[in-house]
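In what follows, a structure is listed as structure tokens, so that the remarks can point back to it.
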Amino acid sequence: MYLSEIFFGWQGEGLHAGAPQVFVRTAGCPLRCAYCDTPESLVKTPACAVHLAGEYDEREILTSPNPVTIHWTLLQVERLARRAGGVHSVSITGGEPLAQDHWTGELAGRLKQAGFSTYLETAGIYADRFARIASLFDIVAADVKIPSAAEERPRWKEHAAFLAAALPPRTFVKAVVNSRTSDEEIERAARLVAARSDAIPFFIQPASRSASAAAPDTAQMRRWAAIASAHLRRVHVAGQWHLPKQSAGAPFSAPSVA
Ligand code: SF4
């Protein structure tokens, strides 16, 4: 399995923001979203880095050449979870985990056998691959890519097929937006999610990094929340939260919220 890094941290977005997790970041993604905050994970990296001292902490890093084995990955997850004193869940994130669906499924199965809750973060475009392993995930955070923000071709059909394979009680959806996002895009995304279940939580999230567009203003966010709420029962407006990159030993400062 090609991984870029494994580390302990706190979930930065969505329904479980703030939850302590071990993150297993897969390497390789077929998309190139303009707001991508993990550009180093878009290709198959030569090695996987395990951040033993914590996210962004350079003091103790173990590396292993890719591809790594599932057994080795599980040992690293267990080690980090033990150091953290327990975690809410293990996030298999990316990159795009379903670009390596076979190995992502193998890893999720082994994690569950070891007693971990499993959390999948995905672009939500690989319905068939997901359907084969969906039962192995306790929580699924699926994107609906908004073309104006992602600056990618529309993926509406792929997202609809993906959500058809998802289990609504375990799934929430994130739509990243920027100032160029239109009301029509939000309407379309909300209708698409509601076609699966109007109980699926829907997050409208301002892009934290964008190649070419500003963040949306408050009036836009209010309007989009109202548009989505006409179709969905649980609409959230929330930014992305991450620990700031700073040197080890520096005082903890309030993270930026995009
Ligand atoms: S799907 Fe995720 S990892 Fe891939 S380019 Fe988009 S934001 Fe980055």
Side-chain angles (χ1 to χ4, degrees), residues 1-7 9 11-17 21 23-46 48-49 55-56 66 90-101 103-104 107-108 119-130 133 137 139-163 165-166 171-181 185 189 192-193 202-213 215-216 238-242 245 256-258:
M1 183 172 200
Y2 283 80
L3 301 178
S4 65
E5 57 181 352
I6 306 174
F7 58 93
Q11 177 54 236
E13 56 193 30
L15 209 51
H16 301 278
Q21 293 185 317
F23 291 82
V24 178
R25 189 180 303 289
T26 60
C29 179
L31 305 188
R32 292 294 179 269
C33 305
Y35 52 73
C36 184
D37 60 358
T38 56
E40 64 286 352
S41 305
L42 298 183
V43 296
K44 288 182 173 176
T45 50
C48 171
E55 188 179 10
Y56 304 139
N66 272 318
V90 178
S91 173
I92 306 180
T93 185
E96 172 49 55
L98 294 177
Q100 305 176 62
D101 55 311
W103 295 116
T104 292
L107 177 60
Y119 183 116
L120 174 68
E121 297 193 75
T122 173
I125 58 170
Y126 288 126
D128 292 346
R129 297 178 187 205
F130 174 61
I133 59 174
F137 292 98
I139 304 162
V140 175
D143 288 349
V144 167
K145 297 293 181 189
I146 303 296
S148 59
E151 298 182 31
E152 273 273 342
R153 73 166 173 80
R155 305 273 176 173
W156 305 115
K157 277 189 188 164
E158 288 102 313
H159 292 318
F162 184 93
L163 287 173
T171 307
F172 71 88
V173 165
K174 179 187 76 186
V176 175
V177 295
N178 66 19
S179 61
R180 290 188 190 151
T181 298
E185 287 176 303
L192 187 150
V193 176
F202 181 73
F203 284 76
I204 304 174
Q205 180 176 303
S208 58
R209 164 191 170 132
S210 175
S212 55
Q240 191 189 50
W241 184 98
H242 281 302
K245 287 192 182 184
S256 61
V257 175

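Predicted model only: the values in this text are computed from it and were never measured. Every number for a ligand or one of its atoms is a count from 1 in the order of the listing.
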F202 meets the ring pair (Phe, Tyr, Trp, His ring centres under 6.0 Å) criterion, sequence neighbours left out, with none

Is any side-chain heavy atom of L107 less than 4.5 Å from a side-chain heavy atom of V90? no

Side-chain contact test, heavy atoms from C-beta onward, threshold under 4.5 Å: evaluate it for D128 versus D101 and give yes or no. no

Min heavy-atom dist K145 to ligand 1 below 4.0 Å: yes

Taking 2.8 Å as the limit, list every protein N, O or S atom around atom 4 (Fe) of ligand 1, by chain and residue number. C29 SG

Quick one: list whatever passes side-chain hydrogen bond (donor to acceptor under 3.5 Å, both in side chains) with Q205, sequence neighbours left out. E13

Sequence-distant partners of E152, side-chain hydrogen bond (donor to acceptor under 3.5 Å, both in side chains), two or more places apart: R155

Without swapping roles, check the side chain of N66 against the backbone of T45 for a donor-acceptor pair under 3.5 Å. yes

